[in-house]
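Here is the structure we will look at, set down as structure tokens.
Keep in mind that the numbers below use all heavy atoms, side chains included, and drop hydrogens, waters and symmetry copies.
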Amino acid sequence: MAGRPSRRQLLRRGAVAVGVGLTGALAGCSSLRGCSSAEIFLRAELVGNAPDGATVVDAADPRVANSPWVLKVVEAAAEGHPRESSVTDCLNDYDALRADLDALPSVDRSEDRLYYVRVDGQVVRLRAVFFAGDDARRSELVLPPAR
């Protein structure tokens with residue numbers, strides 16, 4: 001017949017559970033998701049018109065509307081406030097954002113891309129820069145309006 005666990009056993013089990021939880025929290029995403037220093041940097045700003053040959057996608061298009069990161073920066077920029085955001089590969093949203101951006105037509109400049117989105121009749125330029133651990137290049141990046 002098994003009796004009730006002693007107070008010492010309960011405390012020991014609790015300490016083990018807290019230790020495991022704390023270790024998992026301190027380890028962060030690097031052990032759970034296999035993080036690297038990959039990152040997607042987004043900058044959106046209101047522009048007059050898209051350049052000739054660029055495809056402008058409406059914000060209601062599912063490729064934009066179903067992408068919370070893209071929609072957030074584009075809508076803020078449409079209100080006249082340039083918006084920046086950064087998503088690292090530690091976040092679960094990283095792969096989804098990368099897929100969302102790959103689905104949009106871009107003025108492709110390899111890992112530095114421009115997209116044009118129409119929001120409430122205005123054109124917003126979205127710049128996405130994909131970093132893959134090149135910290136030197138990242139520190140040199142200045143994101144004034146791309147031309």
Side-chain angles (χ1 to χ4, degrees), residues 5 9-147:
Q9 289 172 324
L10 289 174
L11 288 173
R12 191 175 304 150
R13 287 180 191 160
V16 168
V18 168
V20 168
L22 185 58
T23 301
L26 292 176
C29 61
S30 60
S31 64
L32 300 175
R33 189 168 152 70
C35 294
S36 68
S37 57
E39 180 178 7
I40 301 172
F41 186 85
L42 300 174
R43 178 179 170 82
E45 59 190 333
L46 198 56
V47 293
N49 297 303
D52 291 338
T55 302
V56 180
V57 178
D58 195 87
D61 185 300
R63 296 173 293 180
V64 175
N66 294 335
S67 178
W69 289 94
V70 171
L71 193 60
K72 182 170 83 173
V73 296
V74 166
E75 286 180 339
E79 295 172 3
H81 308 289
R83 182 69 185 253
E84 296 178 351
S85 190
S86 180
V87 180
T88 67
D89 74 340
C90 290
L91 298 176
N92 290 334
D93 294 348
Y94 178 86
D95 293 329
L97 175 58
R98 182 88 195 213
D100 292 343
L101 292 170
D102 287 343
L104 287 171
S106 70
V107 177
D108 195 1
R109 300 186 311 187
S110 65
E111 297 303 302
D112 186 352
R113 302 177 190 172
L114 296 176
Y115 306 88
Y116 292 90
V117 180
R118 186 176 317 282
V119 181
D120 299 327
Q122 303 178 85
V123 177
V124 172
R125 177 178 51 222
L126 173 65
R127 183 176 184 190
V129 182
F130 299 85
F131 295 105
D134 188 2
D135 292 332
R137 196 179 105 204
R138 182 177 307 160
S139 65
E140 295 168 3
L141 180 70
V142 178
L143 289 175
R147 300 189 197 264

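- Within the 4.5 Å cutoff, no side-chain heavy atoms of L46 are placed close to those of V119.
- Considering every non-hydrogen atom in both A65 and A60, the closest pair reads CB-O, 3.9 Å.
- Contact detail for A50 and V56: the closest heavy-atom pair is CB-CG2, 3.5 Å.
- A side-chain donor-acceptor contact under 3.5 Å links Y115 to the backbone of L101.
- Under a 3.5 Å cut-off, the side chain of Q122 and the backbone N or O of A78 do form a donor-acceptor pair.
- Using a 4.5 Å heavy-atom cutoff, the side chains of D102 and R113 are in contact.
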Q.
I'd like to know whether R43 forms a side-chain contact (heavy atoms from CB on, under 4.5 Å) with R83, so could you lay out the CA-CA distance, the side-chain angles of the two residues, the decisive distance to 0.1 Å, and finally the verdict.
A. CA-CA 6 Å; R43 178 179 170 82; R83 182 69 185 253; over 6 Å; no
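- Taking the side chain as every heavy atom from C-beta outward, L104 and V57 approach each other to under 4.5 Å.
- A heavy-atom distance below 4.5 Å is found between the side chains of F131 and V129.
- In this structure, I40 and R98 have side chains that are in contact, with non-hydrogen atoms separated by less than 4.5 Å.
- Note that CD of E45 is 9.0 Å distant from CD of E84, once rounded to the nearest 0.5 Å.
- The shortest distance between side-chain heavy atoms of L126 and L114 does not fall below 4.5 Å.
- Partners of D61 according to the side chain to side chain donor-acceptor pair (under 3.5 Å) rule, which considers only residues two or more places apart in sequence or in another chain, are R63.
- Side-chain contact check for V124 versus V47: every heavy-atom pair is 4.5 Å or farther apart.
- Exactly one residue among D58, V117, D100 makes a side-chain contact (heavy atoms from CB on, under 4.5 Å) with V64. That residue is V117.
- Residues P51 and Y116 meet the side-chain proximity criterion, which asks for heavy atoms closer than 4.5 Å.
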